[in-house]
Number of protein chains: 2
Amino acid sequence: MIDSNVFKALADPTRRAVFEQLARKEKSVRDLAAELPVSQPAVSQHLAVLREAGLVAERRHGRFTYYRTAPDALASLAEWVDRYRVFWPERVEKLKEILKEMDE
Amino acid sequence: MIDSNVFKALADPTRRAVFEQLARKEKSVRDLAAELPVSQPAVSQHLAVLREAGLVAERRHGRFTYYRTAPDALASLAEWVDRYRVFWPERVEKLKEILKEMDE
DNA sequence: TTATTAGATAAGCAATGGCTTATTTATAGG
DNA sequence: CCTATAAATAAGCCATTGCTTATCTAATAA
């Protein structure tokens, strides 16, 4: 059973932007705040929501806190989506091809 | 670029329950309202949100309106998730199991 | 026609969400 | 020590959300 918090966390565009950034590269709160059109406290609040949803993890180093996407961040979401691929036959074939490629 | 409306629509547990029902079987508003702990207007409102997000489609027949999941309902969401799937190799095995179940 | 039923829409309400500025806590460096 | 900086937390504001009851529209059936 997927947690609503995952969908809620990703429903906000700013939060999704944060997640996408952190998927590419670990960043401090300050780094994120510098890129986004919102204040540092707003970023901290967004990070708290993402952390609560299990989407990001933190690492403290001195005064800095570095965030990154959590391992298996999207596991539950991916599983939920996969359940409905059954109603979507054309995509299943494509997916099988992708999996085959991943094996090679 | 995925639309926030998809995440927002699925962030509500009642709405997710509606979507999951409609993925299995076409149902009238009344059918849905009978199964859920909310009023008929609430169900209509939820359906409007799901429709707005492109997740469900309707078919009118007399006084009844039957809803079902839209074709390709989760296309954009699946695409978004797939972009991050490469970071989680363990997930691929579970996905294969799901696909195997679907074949049987 | 008239009454009934399916569903959408309107209006109002309490709770939540995303933002701000102000403050607090913790670490670093003079 | 004292000051500066990184980040979290507090408090308040306004918009949005999910629900309710009441109403409206349209289609069926008496």
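A note on names: the letters A, B, ... follow the listed sequences, proteins ahead of strands, and every chain is numbered from 1.
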Asks: For atom CZ of B/Arg30, is the number of surrounding heavy atoms from other residues, nucleotides or ligands below 6.0 Å larger than 12?
Replies: no
Asks: If you assign each of B/Thr65 and A/Ala42 to its closest nucleotide in DNA chain C, which residue comes earlier from the 5' end?
Replies: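 Closest to the 5' end, via its nearest nucleotide, is B/Thr65.
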Asks: Please determine which of B/Asp31, B/Val29, B/Leu50 meets the side chain to side chain contact (heavy atoms under 4.5 Å, CB included) test together with B/Tyr67.
Replies: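 With B/Tyr67 as partner, B/Asp31, B/Val29, B/Leu50 yield a single side chain to side chain contact (heavy atoms under 4.5 Å, CB included), made by B/Val29.
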Asks: I need the OH-C1' distance between B/Tyr67 and C/dA6, as an integer number of Å.
Replies: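 In whole Å, C/dA6 C1' and B/Tyr67 OH are 11 Å from each other.
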Asks: According to a hydrophobic-cluster definition based on side-chain heavy atoms being under 4.5 Å apart (Ile, Leu, Val, Met, Phe, Trp, Tyr only), do B/Tyr84 and A/Leu55 belong together?
Replies: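 Hydrophobic grouping puts B/Tyr84 with A/Leu55.
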Asks: Which nucleotide sits closest to the side chain of A/Glu58: D/dA8, C/dA8, D/dA6?
Replies: D/dA8
Asks: Quick one: do A/Ile2 and B/Leu77 end up in the same hydrophobic cluster if we chain Ile, Leu, Val, Met, Phe, Trp and Tyr together by side-chain heavy atoms under 4.5 Å apart?
Replies: yes
Asks: Taking it one step at a time, do A/Val49 and A/Val18 satisfy side chain to side chain contact (heavy atoms under 4.5 Å, CB included)?
Replies: CA-CA 11 Å; A/Val49 172; A/Val18 169; over 6 Å; no
Asks: Find the distance A/Arg59:CZ to D/dA6:C1' and express it as a whole number of Å.
Replies: 14 Å
Asks: Distance check needed: C/dA28 P versus A/Arg30 CZ, whole Å only.
Replies: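 Interatomic distance, CZ of A/Arg30 to P of C/dA28: 17 Å.
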Asks: Could you tell me whether B/Glu52 atom CD has more than 12 heavy atoms of other residues or ligands within 6.0 Å of it?
Replies: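 Incorrect, the count does not exceed 12.
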Asks: What is the distance, rounded to the nearest whole Å, between atom OH of A/Tyr66 and atom P of C/dT27?
Replies: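 Rounded to whole Å, this separation is 15 Å.
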Asks: Which pairs, protein N/O on one side and nucleotides 23-30 of chain D N/O on the other, fall under 3.5 Å?
Replies:
{"unit_1": "D/dT28", "atom_1": "O4'", "unit_2": "B/Arg63", "atom_2": "NE", "d": "3.4"}

Asks: Which of the following nucleotides, D/dA7, C/dG7, D/dT21, is nearest to the side chain of B/Ser39?
Replies: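 In terms of side-chain proximity for B/Ser39, the closest of D/dA7, C/dG7, D/dT21 is D/dT21.
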Asks: Show your reasoning for whether side chain to side chain contact (heavy atoms under 4.5 Å, CB included) applies to A/Leu22 and A/Leu32.
Replies: CA-CA 9 Å; A/Leu22 298 181; A/Leu32 290 165; 4.1 Å; yes
Asks: At what distance, to the nearest 0.5 angstrom, does CZ of A/Phe19 lie from CZ of A/Arg24?
Replies: 10.5 Å
Asks: Let me know the distance between CG of B/Leu10 and P of D/dT17, rounded to the nearest Å.
Replies: 15 Å
Asks: Report the nucleotide, chosen from D/dT20, C/dT20, D/dA7, that has the shortest atom-to-atom distance to any side-chain atom of A/Val29.
Replies: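 Given the options D/dT20, C/dT20, D/dA7, the side chain of A/Val29 is closest to D/dA7.
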Asks: Rounded off to whole Å, could you give me the CG-to-C1' distance for the A/Leu47 and D/dA7 pair?
Replies: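 In whole Å, D/dA7 C1' and A/Leu47 CG are 10 Å from each other.
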Asks: Can you tell me how far C1' of D/dA8 sits from CZ of A/Phe64, to the nearest Å?
Replies: 15 Å
Asks: Taking all atoms of both residues into account, what is the closest heavy-atom pair of A/Ala9 and A/Arg15, and its distance?
Replies: O-NE, 2.9 Å
Asks: Nearest whole angstrom, please: distance from the P of D/dT9 to the CD of A/Glu52.
Replies: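 Nearest whole value for this atom pair: 11 Å.
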Asks: Just the atom pairs and distances: protein N or O near nucleotides 11-18 of chain C's N or O, under 3.5 Å.
Replies:
{"unit_1": "C/dG18", "atom_1": "OP1", "unit_2": "A/Arg15", "atom_2": "NH2", "d": "3.1"}
{"unit_1": "C/dG18", "atom_1": "OP2", "unit_2": "A/Arg15", "atom_2": "NH1", "d": "3.0"}
{"unit_1": "C/dG18", "atom_1": "OP2", "unit_2": "A/Arg15", "atom_2": "NH2", "d": "3.4"}

